[in-house]
Amino acid sequence: MIDLRILRDNPDRVRASQRARGESAELVDSLLVADERRRAAIAAADALRAEQKKSSSAVKQASPEERPQLLVQAQELAARVKVAEVAQTQTQVELTQAQLAISNVIEDGTPPGGEDDYVVLREVGVKPELERVRDHLELGELLGAIDTERGAKVSGARFYYLTGVGALLQLALLQAAIEQAVSAGFTPMITPTLVKPEVMGGTGFLGTHSDEVYRLEADDLYLVGTSEVPLAGYHMNEILDLANGPKRYAGWSSCYRREAGSYGKDTRGILRVHQFDKVEMFVYCAPEDATQEHQRLLAAEEDMLAKVELPYRVIDVAAGDLGSSAARKFDCEAWLPSQGRYREVTSTSNCTQYQTRRLNIRYRDTDGRSMPAATLNGTLATTRWIVAILENHQQPDGSVRVPKGLQPYLGGREVFEPQR
RNA sequence: GGAGGCUUCGCCUAGUCUGGUUUAUGGCGCCCGCCUGCUAAGCGGGUUUGGGGCUUAUACCCCAUCCCGGGUUCAAAUCCCGGAGCCUCCGCCA
C-alpha cells in the first residue's frame with residue numbers, strides 16, 4: 001500500500017514509478033481525488049458527531065419540561081450523523097481501493113521496462129564442461145532420487161517424489177541453509193502453510209497474481225506459495241521494538257503454487273512444480289536500513305550458492321517484473337547445462353513499507369513515533385536447487401559429485417552413485 | 001461435534017446485573033521532575049492506538065477506540081444479535 005504522505009508531497013515520483021513498471025500513472029490522480037474526498041467526509045462527520053455529543057449531554061441535564069424539545073433535536077441529529085457516517089465509510093472504501101491499485105514505488109536505480117529488461121550485475125563461478133549432458137530428471141532417475149511418474153499417478157502433473165538420496169539431498173540442502181541463517185543471527189521458524197485471506201492479501205499475493213494461489217474454499221484459507229507470507233503475518237497488528245536492530249527470521253516450509261498460465265512450460269522434471277520446500281529469509285527493519293539489509297540478504301544467497309558450488313549470475317530485475325510489493329529485486333540464476341542458460345534459484349525483494357501498511361506492522365522511530373516498518377525477503381535454498389546441483393556436478397558415468405558444503409549434512413558422502 | 005466460562009489503554013485489574021458526572025478505576029512497569037552523601041524508599045506529574053483540523057515544528061482542538069462486526073437508544077465498556085480467540089469439561093479420532 002502506498003504512503004499517502006509521499007503521494008501528497010511528491011505525486012510525480014509515484015507517477016514515474018508507475019510508468020517505469022508499465023502501469024497506469026492516472027491511478028495516482030484517482031487516488032489524490034479519493035484522498036481529498038475522504039478527508040472532507042471525515043471533517044463533516046466529525047463535526048456532526050461533536051454536535052450530537054453536546055446535544056446528548058444536554059438531554060441528560062435537561063429539566064423534565066425542556067426534555068421533549070431537546071429529544072426531538074437530538075433524534076434529528078442522530079439521523080444526520082448516520083447519513084454522514086455512511087458517506088465517510090464509502091469514501092474510506094474508495095480510498096483503500098485506489099490505494100491498493102498502486103504498486104510499490106520503485107527504488108532509485110531499478111531498471112525500467114519488463115521481464116527482459118533486467119540488468120546482469122555479475123557472473124560468478126565456472127560453467128562445467130560436459131561431453132554428454134544428462135538433464136536433472138535423467139540423473140535423478142539414475143540415482144533413484146526423483147520419481148515424477150508416481151508423482152503424477154498420485155497427485156497429477158507437476159508433482160513428484162524425492163526418493164532415497166533425493167530426499168536426503170533436500171534435507172541436507174535445507175539444513176545447511178538453516179544453519180547458515182542461524183549463525184548469521186536469524187531465528188529459525190517452521191511456519192503454518194495455510195493462512196487467512198487478510199494475510200495473503202496483506203503480503204500482496206492476491207493482486208494480479210491471485211490465480212497462482214491455491215485456495216481452500218470450505219475453510220476460506222490459502223495455501224502459501226512461500227513462507228514469506230506467514231512470516232510477514234507473524235507480526236501483523238503489532239508494534240515492533242527495533243531498537244536493537246532488525247528482526248531476522250529464516251522460515252522453513254512447503255510452498256504451493258498453481259502454476260496457472262505456465263502450461264507446457266518446464267514440464268519435464270522438478271524445475272516447475274506445484275509443491276516444493278524452501279528456506280526463506282525474512283527481515284523487519286527500519287526503512288532507512290532496508291537497502292543495506294537487502295544487500296546482506298543477497299550476500300547470504302551468494303554464500304549459499306558458493307557452498308553448493310554452482311555457477312550463477314545476479315540480475316537486477318526490471319520494474320515491470322517486480323510484482324506489486326517489491327521496490328527492488330535481485331535474482332540469482334544458476335547455470336543449467338541441460339538448457340544452456342541461467343534459471344532463477346533465488347530472489348530477494350525489498351518491499352519497503354508496502355506490506356507493513358497493509359498488515360499494520362509498525363515500529364518506534366528514534367522520536368518515539370510509530371511508523372510502518374520495512375520488510376525484505378530472500379531465498380536461501382529450495383527444492384529447485386537440486387536441479388542445478390545434479391546437472392552441474394554430474395560425471396560421465398552418471399554419478400554426481402556432492403559439493404563439499406553439503407557433505408557434512410550427508411554423513412560425509414562425496415558422491416551419489418547410479419543404481420542399476 | 002456439544003456445554004460452560006473468559007477477552008477492558010505494555011502487564012494485572014475495577015466498572016457490565018441497575019445505559020448518562022467514566023475526559024474508563026487502581027496497582028505494577030516505564031518516562032520526566034522534586035527530595036536525598038550514593039542507592040533504595042518517599043513525593044508530584046506523565047504513560048492506548050488511530051484519524052482529522054491548525055501549524056515550520058511543538059503545542060492545542062475535534063472524532064473514533066473497552067476482542068471484531070452489526071443492532072437498539074438522544075446516549076452503549078454496560079442491553080440485544082452474529083463472529084473470532086483463549087480456558088475447562090464431554091464426545092470422536094491419526
Side-chain angles (χ1 to χ4, degrees), chain A residues 1-10 31-100 154 191-202 215-222 230 233-244 247 254 284 286-287 353-373:
Chain A
M1 196 183 295
I2 197 88
D3 184 355
L4 287 175
R5 229 157 316 204
I6 288 179
L7 179 90
R8 284 174 207 147
D9 295 348
N10 201 348
L31 181 52
L32 284 167
V33 170
D35 179 41
E36 205 52 55
R37 287 166 55 102
R38 184 191 72 119
R39 283 170 14 191
I42 285 173
D46 272 3
L48 275 172
R49 268 189 293 262
E51 214 181 316
Q52 187 197 25
K53 278 173 92 168
K54 287 201 190 90
S55 160
S56 180
S57 62
V59 169
K60 177 175 60 180
Q61 289 162 348
S63 63
E65 30 311 344
E66 7 176 68
R67 206 179 161 89
Q69 166 69 18
L70 287 170
L71 255 180
V72 170
Q73 285 175 16
Q75 280 165 354
E76 192 233 338
L77 258 177
R80 287 171 61 197
V81 165
K82 215 161 231 178
V83 171
E85 284 183 341
V86 168
Q88 184 185 339
T89 305
Q90 180 60 29
T91 57
Q92 177 64 58
V93 167
E94 282 167 10
L95 176 76
T96 304
Q97 274 171 359
Q99 220 172 344
L100 292 177
V154 170
T191 69
T193 51
L194 286 166
V195 300
K196 297 178 181 181
E198 64 209 270
V199 178
M200 190 56 89
R215 175 163 182 243
L216 274 70
E217 183 141 20
D219 301 283
D220 200 17
L221 290 171
Y222 292 92
Y234 189 66
H235 287 303
M236 180 167 66
N237 298 324
E238 294 181 21
I239 298 179
L240 306 176
D241 182 3
L242 298 178
N244 299 319
K247 286 188 175 293
S254 290
Y284 295 88
Q353 296 161 299
Y354 185 86
Q355 294 177 324
T356 54
R357 274 200 198 86
R358 295 168 164 224
L359 293 168
N360 187 29
I361 301 170
R362 291 162 292 164
Y363 77 106
R364 299 251 175 234
D365 69 12
T366 42
D367 298 328
R369 279 190 295 250
S370 65
M371 295 281 293

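So you know, we letter chains A, B, ... as the sequences are listed, proteins then strands, and number each from 1.
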If the condition is salt bridge (charged side-chain N to carboxylate O under 4.0 Å, His left out), which residues does A/Arg364 pass it with, not counting sequence neighbours?
none

Ion pair A/Arg357/A/Asp3, N-O distance below 4.0 Å:
yes

Just checking A/Arg37: base, sugar-phosphate only, or nothing, at a heavy-atom cut-off of under 4.0 Å?
nothing

Nearest-Å distance once atom P is located in both B/rA84 and B/rG69:
15 Å

Taking B/rU49, B/rC74, B/rG52 as options, the one with an atom nearest any side-chain atom of A/Ile42 is B/rG52

Would you say the side-chain atoms of A/Ser370 pair up with the backbone N or O of A/Tyr363, donor to acceptor, closer than 3.5 Å?
no

Produce the list of close N/O pairs, under 3.5 Å, pairing protein atoms with atoms of nucleotides 82-87 of chain B; give distances to one decimal.
none

Euclidean distance, atom CD of residue A/Glu85 to atom C1' of B/rG71 [Å, nearest integer]:
14 Å

Of the nucleotides B/rU49, B/rG20, B/rG52, which has the atom closest to the A/Ala43 side chain?
B/rG52

Between A/Arg5 and A/Val59, which has a closest nucleotide on RNA chain B that is more 5'?
A/Arg5

Tell me: NZ of A/Lys53 to P of B/rC61, nearest whole Å?
13 Å

Opposite nucleotide pairing with B/rC89, Watson-Crick or G-U, both atom distances under 3.5 Å:
B/rG2

Across the strands shown, which category fits A/Glu76 at heavy-atom distances under 4.0 angstrom: base, sugar-phosphate, nothing?
nothing

What integer number of Å spans the C1' atoms of B/rC35 and B/rG44?
11 Å

How do A/Arg364 and A/Leu70 order along RNA chain B: which one's closest nucleotide is nearer the 5' end?
A/Arg364

Interatomic distance, A/Asn360 CG vs B/rG51 C1' [rounded to whole Å]:
13 Å

Does the structure show a Watson-Crick or G-U wobble partner for B/rA41, both distances under 3.5 Å? Name it, or say none.
none

May I ask you to say what A/Lys82 touches in the nucleic acid, namely base, sugar-phosphate or nothing, with a heavy-atom cut-off under 4.0 Å?
sugar-phosphate

Answer yes or no: side-chain N or O of A/Asp46 and base N or O of B/rG53 forming a donor-acceptor pair under 3.5 Å.
no

What distance do A/Asp9 atom CG and A/Ile6 atom CD1 have between them, rounded to the nearest 0.5 Å?
8.5 Å

So, A/Thr96 versus A/Gln92: side-chain donor-acceptor pair below 3.5 Å or not?
yes

Which nucleotide, B/rU49, B/rG52, B/rA75, lies nearest any side-chain atom of A/Arg38?
B/rG52

